[in-house]
Each structure stands twice: as C-alpha cells, then as structure tokens.
Asks: 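Supplied in structure tokens, the structure appears directly below.
Just so we're on the same page: letters track the sequence lines, and every chain starts at 1. It should be emphasised that the depicted structure is a prediction, and the values quoted were computed from it without experimental measurement.
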Amino acid sequence: MSRMDRPAPLDPAYDWLTADCLDVAPKLLGWELVSHAGGLETAGRIVECEAYHGLEDPASHAFRGPTKRTAPMFEAGGHVYVYLSYGIHTCMNIVTGQAGEGQAILLRAIEPTAGLEVMARRRGTTDPRNLASGPGKLTQALGVGLELSGTRLGETLFLRPPSDPHDQALVVTGPRVGITRALHHPWRFYLRNNPHVSRR
DNA sequence: GTCAAGATTAGT
DNA sequence: CTAATCTTGACG
C-alpha cells in the first residue's frame with residue numbers, strides 16, 4: 001500500500017494568500033478568522049496584524065533561513081505558523097507568498113464575533129475588549145496551540161470574507177510592535193479607532 | 001554543552 | 001518597570 005504523502009491541494013479560496021505579505025496584510029483586516037479548535041467554534045474580525053517579510057526582513061523568524069520551528073513559514077501562502085513567545089505565550093501567523101519565501105503575517109488582535117462565552121472561559125475575563133486584543137490573548141481565546149503550526153487554513157482555522165467593505169477605508173499603518181530590528185518599516189496594519197486593537 | 005535574547009502579558 | 005518561563009539559535 002503506497003501512502004499518498006502528497007498533501008491535498010490548498011483550498012483555492014485561499015490562493016490570494018500567495019501574494020506578497022505587504023499586499024495581503026492590509027487586505028486581511030476585516031476578514032473573519034474562524035477557529036474550530038477543541039471542537040468549539042470561536043471567531044472574530046481581524047483588526048490588527050503585522051507583516052514579516054521573510055528572508056529579507058531582519059525582524060522575521062525566517063531571516064536566517066528555515067529551521068525546525070520556522071519550517072511552516074517556508075510553505076506556500078495559506079499555511080499557519082504558530083510559535084511560543086517568551087516561553088509562555090503562543091502567537092499565530094498566516095503564511096503568505098510563494099513556497100520558499102518565508103513570509104508570514106502575525107495576527108495581533110480580533111474583534112470577537114462568535115463563541116464569546118468560550119473565549120471568556122479560556123481567557124478568564126468577560127471584557128470583550130480584552131478577550132483577543134494582543135497576539136497571545138488571541139491564540140488563547142481561539143484555542144490555537146503549537147499543534148496547529150504547519151496546518152493549512154481550511155482545516156481547523158478558516159477565513160471568511162469581510163462583512164463590512166467599509167473597513168478597507170480605515171486601514172492605518174505604523175511601526176511593528178515588540179521588535180528590536182528593522183524598526184523603520186511601517187508594517188503594522190490596523191483599523192483606525194477600533195477599540196479592539198491592542199495598542200494605540 | 002552553554003547561554004543570551006525574545007513578534008508578550010499581568011502585576012507592582 | 002519588571003518577573004515569569006522556556007525554546008531557539010549561535011557559538012565552541
């Protein structure tokens with residue numbers, strides 16, 4: 001019996017994620033991120049994210065080439081990359097670009113839209129502004145763990161198109177948060193005046 | 001083998 | 001401002 005080790009083709013609905021991360025990141029705002037992790041549905045609109053430009057970006061985990069941890073970053077756009085931050089928090093990215101480029105977009109905040117009670121239980125708070133505002137809080141609220149690194153969108157995590165087209169007019173850029181290199185790039189993208197964005 | 005740094009968060 | 005907490009990646 002030969003096993004079919006070739007992965008199933010990525011859902012064509014996610015093909016647009018193979019574009020450059022700097023093009024994808026602003027467009028990602030307003031999309032709804034849906035999680036079925038743990039057999040429970042939770043979801044929220046993406047209101048803040050940051051682009052990491054692969055091999056050319058000193059602030060990117062992919063800067064020094066693929067490693068065991070960062071291997072998913074070098075898959076084609078539409079994959080998921082999750083890592084452990086400061087030994088405590090997990091952060092999730094959506095991989096973009098072509099295979100081999102190492103691009104990814106860190107999801108920093110969502111505005112909860114479904115499964116609020118589940119999120120509240122996981123997070124230990126009911127304040128909707130504090131459920132998933134921050135990369136570590138977002139993964140905790142959605143039940144996203146390291147085991148999802150290397151999976152693809154369409155399996156446990158899904159994207160649904162923006163419900164409000166008006167969001168695109170509210171996109172703001174600025175320097176990325178929490179890094180020490182390549183500080184000058186305005187590669188953080190968020191929705192102006194949205195109360196769920198992690199920092200002002 | 002050893003060690004410094006880190007895409008964060010909660011609490012003082 | 002700092003502690004918590006631990007993996008990665010660089011160096012030898």
Asks: Is there a side-chain contact between A:L142 and A:I110 (heavy atoms, below 4.5 Å)?
Replies: yes

Asks: In whole Å, I'd like the distance from the CZ atom of A:F63 to the C1' atom of B:dG6.
Replies: 16 Å

Asks: What integer distance in Å separates A:R176:CZ from B:dG6:P?
Replies: 14 Å

Asks: Is it the case that the base of B:dA7 and the side chain of A:Y83 share a donor-acceptor contact (distance under 3.5 Å, atom types as modelled)?
Replies: yes

Asks: If I take atom CD in residue A:E48 and atom C1' in nucleotide B:dA7, what distance separates them, rounded to the nearest angstrom?
Replies: 11 Å

Asks: Do you know which two heavy atoms are closest between A:P72 and A:K68, and how far apart they sit?
Replies: CD-O, 4.4 Å

Asks: Calculate the interatomic distance between A:Q140 atom CD and B:dA10 atom C1'; express it in whole Å.
Replies: 12 Å

Asks: Contact class for A:K68 vs. all strands (heavy atom < 4.0 Å): base, sugar-phosphate, or nothing?
Replies: nothing

Asks: On a whole-Å scale, what distance lies between the P atoms belonging to B:dA4 and C:dA3?
Replies: 16 Å

Asks: Examine B:dT9: is either OP1 or OP2 under 4.0 Å from a nitrogen or oxygen in the side chain of A:H89? Give yes or no.
Replies: no

Asks: Could you tell me whether A:I179 contacts a base, only the sugar-phosphate backbone, or nothing, with contacts defined as non-hydrogen atoms closer than 4.0 Å?
Replies: sugar-phosphate

Asks: Base, sugar-phosphate alone, or nothing: which one does A:R108 contact when heavy atoms must sit under 4.0 Å apart?
Replies: sugar-phosphate

Asks: Taking the six-membered ring of A:Y190 as reference, does the cationic atom of A:R188 (NZ for Lys, CZ for Arg) lie under 6.0 Å from its centre and within 45° of its axis?
Replies: yes

Asks: State whether a side-chain donor-acceptor pair under 3.5 Å links A:Q140 with A:R123.
Replies: yes

Asks: So that I can compare with my own list, what are the stems of DNA chain C, taken as at least three consecutive Watson-Crick or G-U pairs with distances under 3.5 Å?
Replies: B:1-6 with C:6-11, B:8-11 with C:1-4

Asks: Nearest nucleotide by nearest heavy atom, which residue falls closer to the 5' end of DNA chain B, A:R181 or A:L138?
Replies: A:R181

Asks: Look at A:R64 and C:dA10 and indicate whether a side-chain polar atom (N or O) is within less than 4.0 Å of OP1 or OP2.
Replies: yes

Asks: For B:dG6 and A:T180 - does any side-chain N or O of the residue sit under 4.0 Å from the phosphate oxygens OP1/OP2?
Replies: yes

Asks: Nearest to the side chain of A:I88 - C:dC6, B:dT9, C:dA4?
Replies: C:dA4

Asks: Under 3.5 Å, is there a donor-acceptor pair between the A:T139 and A:T90 side chains?
Replies: yes

Asks: So which nucleotide from C:dA4, B:dA7, B:dA10 ends up closest to the side chain of A:H61?
Replies: B:dA7

Asks: Classify the angle between the aromatic ring planes of A:F158 and A:H36 as parallel (below 30°), tilted (30 to 60°) or perpendicular (above 60°).
Replies: tilted

Asks: Choose from C:dC6, B:dT9, B:dA7 the nucleotide whose nearest atom is closest to any side-chain atom of A:P135.
Replies: B:dT9

Asks: Give a yes/no answer on whether the side chain of A:T67 brings an N or O atom under 4.0 Å of OP1 or OP2 in C:dG9.
Replies: yes

Asks: Could you pull out the closest heavy-atom pair between A:V82 and A:L148, with the gap in Å?
Replies: CG2-C, 4.2 Å

Asks: How long is the line joining CZ of A:R199 and P of B:dA7, in whole Å?
Replies: 13 Å

Asks: What is the distance, rounded to the nearest whole Å, between atom CG of A:L107 and atom P of B:dT8?
Replies: 13 Å

Asks: Reckon A:M73 touches a base, only the sugar-phosphate, or nothing at all at heavy-atom distances under 4.0 Å?
Replies: base

Asks: Could you tell me how far apart A:Y86 (OH) and C:dT8 (P) are, to the nearest whole angstrom?
Replies: 16 Å

Asks: Between A:R122 (side chain) and A:A141 (backbone), is there a donor-acceptor pair under 3.5 Å?
Replies: yes

Asks: For A:L106, answer base if it contacts any base atom (sugar-phosphate contacts may also be present), sugar-phosphate if it contacts only those atoms, and nothing otherwise; contact means non-hydrogen atoms under 4.0 Å.
Replies: base

Asks: Strictly below 4.0 Å: does A:R123 bring a side-chain N or O up to OP1 or OP2 of B:dA10?
Replies: yes

Asks: Looking at the side chain of A:K137, which of C:dC6, B:dA10, B:dA7 is the nearest nucleotide?
Replies: B:dA10

Asks: If you take all heavy atoms of A:Y52 and A:I179, which pair is closest and at what distance?
Replies: OH-CG2, 3.5 Å

Asks: Whole angstrom is fine here: how far is it from CG in A:L146 over to C1' in C:dT7?
Replies: 10 Å

